[in-house]
Undergrad: 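Let me give you the structure first, and then I'll get to my questions.
Residue numbers start from 1 in every chain, and the chains themselves are labelled A, B, ... in the order their sequence lines are given, proteins ahead of strands. Computed from a predicted structure; not experimentally measured.
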There are 2 protein chains.
Amino acid sequence: MKNDCSCEHCKLRSLFFFHTSADVLELMCENKTERQYDKGEVIIWEGSEIKDFIYLKSGLVKLSRKGTDGKDQIISFAKPFDFVSLLSVFSSSIYNYTVTALDSTIICAIDLEKLKAVALKNGEFTMGLMNRVSEATDRIILNNLDIRRKNLKGRVAHVILYFAHYVYKDTRFELPILRREIAEYIGMTTENVIRTMSEFRKDGILKFDGKEIEIVNERLLESVSEHG
Amino acid sequence: MKNDCSCEHCKLRSLFFFHTSADVLELMCENKTERQYDKGEVIIWEGSEIKDFIYLKSGLVKLSRKGTDGKDQIISFAKPFDFVSLLSVFSSSIYNYTVTALDSTIICAIDLEKLKAVALKNGEFTMGLMNRVSEATDRIILNNLDIRRKNLKGRVAHVILYFAHYVYKDTRFELPILRREIAEYIGMTTENVIRTMSEFRKDGILKFDGKEIEIVNERLLESVSEHG
DNA sequence: ATCACAATGTGATAATTATCATATCAGCTT
DNA sequence: AAGCTGATATGATAATTATCACATTGTGAT
């Protein structure tokens, strides 16, 4: 937990703020805390009070929610440049989702009251913030719509391509989530996700090597993602 | 299409803005257009340029999107006090959804460039705006998650209860959408929605009289909504 | 190393939902 | 009034997905 004002040179800075006026810089430097989480650690608990505005500096997380039936549902995944403090922060005082690290993850937390105080005085800053929040929530909604259109095979293909294209930018990567978590994300059962991935392997679309996954036939996987 | 600055007394005003400073009042009075749409008319076309910030004054609308396969998906419904210009407006220059009136509807349109100009100078106004946008998109995401947890019967029950509780605040109302539109909203087929509603009728949960629908056994409908 | 436990993997069967076919009904036009 | 069209309605069947049962593999703790 350091506070060396390294954000002055942080790559993320430009994404959050149009200008970096004196009050915004002070907010970031004096009132931010950096925290590191290991894979599997919970960063935010559903139901806890929102005290900070949080964003990802590095790593990968999942946003999930416990249904009334006790079953978890995964809302979305987020990597740096995606916001984490998306939902709730400006419309609720309580988080209505849990954020869990899927990999070693570093977050920056800015005291929410102080951020709001700056935002009230600085429209430019607030507009930048709103742009980001709007963009990130849009992506969640549209992605969920996209998944809803597809059948089991298409949904599984969608998730694998999501990690390949959007997160790792490689056709070979270590899958950061369990089969069960894929199921929680796409709204199918764990068994069927496993079965589908086995089929992809048998069909020569995927190769597994421990946690490693390799997309052998990307074109076919994309076709499956579109047309089942 | 009138412009008599009636927003000064508009009930909605308090919801959008914390304070109504001079610049905000001028924005609303000088740069707003009021438009009326009949049931079925399209207010915003998917793919069109975003020129205005739009909100509902009265009526009811649906937000929908045409999938790559040509099939419509309904994202959400909105009534006054829900925003319409939720998604896209602050993160895109093009609407990625269509807004259609489900009933006679009046909207207010504020020139987006002028709104942005005010927002840049007025952090308080922008914060109020962000609160609203965040609240509305949160509701869409959580509602979709809720529907995803349920089976066919539960989803149909959910939609009927949504209109009863949230829109009409009555157990008897005129259903503003077709069976097909319920299907497009919950991701099931039209036939199965029709079948399910017929079952509800046969089971004494619902009564139909033309377009009118009456919830006879609300407790049972709620139970079906929760546990299928 | 062994035990315990969770994750992966696979098959058989049941339940759910989609598809296709066809009928009736309501509203609208001529 | 007749004819057209889209919405509602219903049944039979096919396709998809869930459930249950059980085997195997992997992983962490002692």
Side-chain angles (χ1 to χ4, degrees), chain A residues 38-41 62 67 69-74 100 102 147-160 174-203 205-213 224-225 227-228, chain B residues 38-40 67 69-74 100 102 147-160 174-203 205-213 224-225 227-228:
Chain A
D38 292 331
K39 183 181 171 85
E41 276 193 276
K62 68 170 176 180
D69 53 358
K71 283 180 192 160
D72 279 334
Q73 287 181 291
I74 292 180
T100 310
L102 295 177
I147 286 173
R148 214 171 77 178
R149 282 179 32 235
K150 301 178 181 183
N151 62 8
L152 171 60
K153 283 188 190 181
R155 290 181 188 188
V156 174
H158 177 105
V159 173
I160 294 168
E174 187 170 304
L175 193 67
I177 54 173
L178 302 173
R179 310 288 194 264
R180 174 168 50 75
E181 291 173 303
I182 295 181
E184 285 167 357
Y185 181 53
I186 66 175
M188 298 277 163
T189 60
T190 305
E191 294 97 317
N192 279 332
V193 169
I194 290 171
R195 238 186 291 272
T196 304
M197 288 177 70
S198 292
E199 271 187 62
F200 287 167
R201 178 171 45 71
K202 286 170 195 160
D203 293 345
I205 298 174
L206 296 180
K207 249 185 206 165
F208 303 129
D209 180 15
K211 288 270 175 198
E212 284 266 312
I213 185 170
V224 170
S225 172
H227 316 106
Chain B
D38 292 331
K39 183 181 173 82
D69 53 357
K71 283 179 193 160
D72 280 335
Q73 289 180 288
I74 292 179
T100 310
L102 295 177
I147 286 174
R148 213 172 78 179
R149 281 178 33 235
K150 301 178 181 183
N151 62 10
L152 171 60
K153 282 189 192 181
R155 291 180 188 189
V156 174
H158 177 106
V159 173
I160 293 168
E174 187 170 307
L175 193 66
I177 55 174
L178 301 174
R179 310 289 193 264
R180 172 167 51 74
E181 291 174 304
I182 295 179
E184 285 166 357
Y185 182 53
I186 66 176
M188 299 276 164
T189 58
T190 306
E191 293 96 318
N192 278 332
V193 169
I194 290 170
R195 239 187 290 272
T196 304
M197 287 177 69
S198 293
E199 272 187 62
F200 288 165
R201 177 171 44 72
K202 286 169 195 160
D203 294 345
I205 299 173
L206 296 180
K207 249 186 207 167
F208 303 128
D209 179 16
K211 288 270 174 196
E212 285 266 313
I213 185 169
V224 169
S225 173
H227 317 105

Undergrad: In this structure, how many angstroms lie between the P atom of D:dA9 and the CZ atom of B:Arg180, rounded?
TA: 15 Å
Undergrad: A:Glu41: which residues meet the salt bridge (Lys or Arg N to Asp or Glu O under 4.0 Å) condition with it, sequence neighbours left out?
TA: none
Undergrad: Quick check for you: to the nearest 0.5 Å, what is the distance between A:Arg149 atom CZ and B:Gln73 atom CD?
TA: 6.5 Å
Undergrad: Within this structure, what is the CD-to-C1' distance between A:Glu181 and C:dA6, rounded to whole angstrom?
TA: 13 Å
Undergrad: With a 4.0 Å cut-off on heavy atoms, is A:Arg155 in touch with a base, just the backbone sugar-phosphate, or nothing at all?
TA: nothing
Undergrad: If you draw a 6.0 Å radius around NZ in A:Lys153, do more than 12 non-hydrogen atoms from other residues or ligands fall strictly inside?
TA: no
Undergrad: Taking OP1 and OP2 of D:dT8, is either one under 4.0 Å from a side-chain nitrogen or oxygen of B:Arg179?
TA: yes
Undergrad: I'd like to compare against my own output: the B/S/- annotation of nucleotides 22-30 of chain D with a strict under-4.0 Å heavy-atom distance to protein.
TA: ---------
Undergrad: Taking OP1 and OP2 of C:dT10, is either one under 4.0 Å from a side-chain nitrogen or oxygen of A:Arg201?
TA: yes
Undergrad: Rounded off to whole Å, could you give me the NZ-to-P distance for the B:Lys39 and C:dG27 pair?
TA: 13 Å
Undergrad: Figure out the CG/P separation between A:Leu178 and C:dC5, and round it to whole Å.
TA: 18 Å
Undergrad: Just one of A:Leu152, A:Thr196, A:Ile182 clears the side chain to side chain contact (heavy atoms under 4.5 Å, CB included) bar with A:Met188, so which one?
TA: A:Leu152
Undergrad: Applying side-chain hydrogen bond (donor to acceptor under 3.5 Å, both in side chains), can you list everything that pairs with A:Asp69, at least two apart in sequence or on another chain?
TA: none
Undergrad: Under the side chain to side chain contact (heavy atoms under 4.5 Å, CB included) rule, what do B:Ile177 and B:Glu184 come out as? Steps first, then yes or no, please.
TA: CA-CA 11 Å; B:Ile177 55 174; B:Glu184 285 166 357; over 6 Å; no
Undergrad: In the 5'-to-3' direction, what one-character label does each nucleotide of nucleotides 13-21 of chain D receive under the scheme B = base within less than 4.0 Å of a protein heavy atom, S = sugar-phosphate only, - = no such atom?
TA: ----SBBB-
Undergrad: Compare every heavy atom of B:Arg155 with every heavy atom of B:Gly187, then report the nearest pair and how far apart it is.
TA: O-NH1, 4.3 Å
Undergrad: If the cut-off is 4.0 Å, is B:Ser198 near the phosphate of D:dT8, judged by side-chain N/O to OP1 or OP2?
TA: no
Undergrad: For B:Thr190 and B:Ala183, which heavy atoms make the closest approach, and how far apart are they?
TA: N-CB, 3.6 Å
Undergrad: Apply side chain to side chain contact (heavy atoms under 4.5 Å, CB included) to B:Thr189 and list each qualifying residue two or more places apart in sequence or on a separate chain.
TA: B:Glu191, B:Asn192
Undergrad: Would you indicate what A:Ile194 reaches in the nucleic acid, counting non-hydrogen atoms under 4.0 angstrom: base, sugar-phosphate, or nothing?
TA: base
Undergrad: In degrees rounded to 10°, what angle is found between the helical axes fit to the five outermost pairs at each end of the helix from C:dA1-D:dT30 to C:dT30-D:dA1?
TA: 50°
Undergrad: Return yes when atom NZ of B:Lys39 has more than 12 non-hydrogen atoms of other residues, nucleotides or ligands closer than 6.0 Å, and no otherwise.
TA: yes
Undergrad: Could you tell me the separation between the CD atom of A:Glu199 and the CD1 atom of A:Ile194, rounded to the nearest 0.5 Å?
TA: 13.0 Å
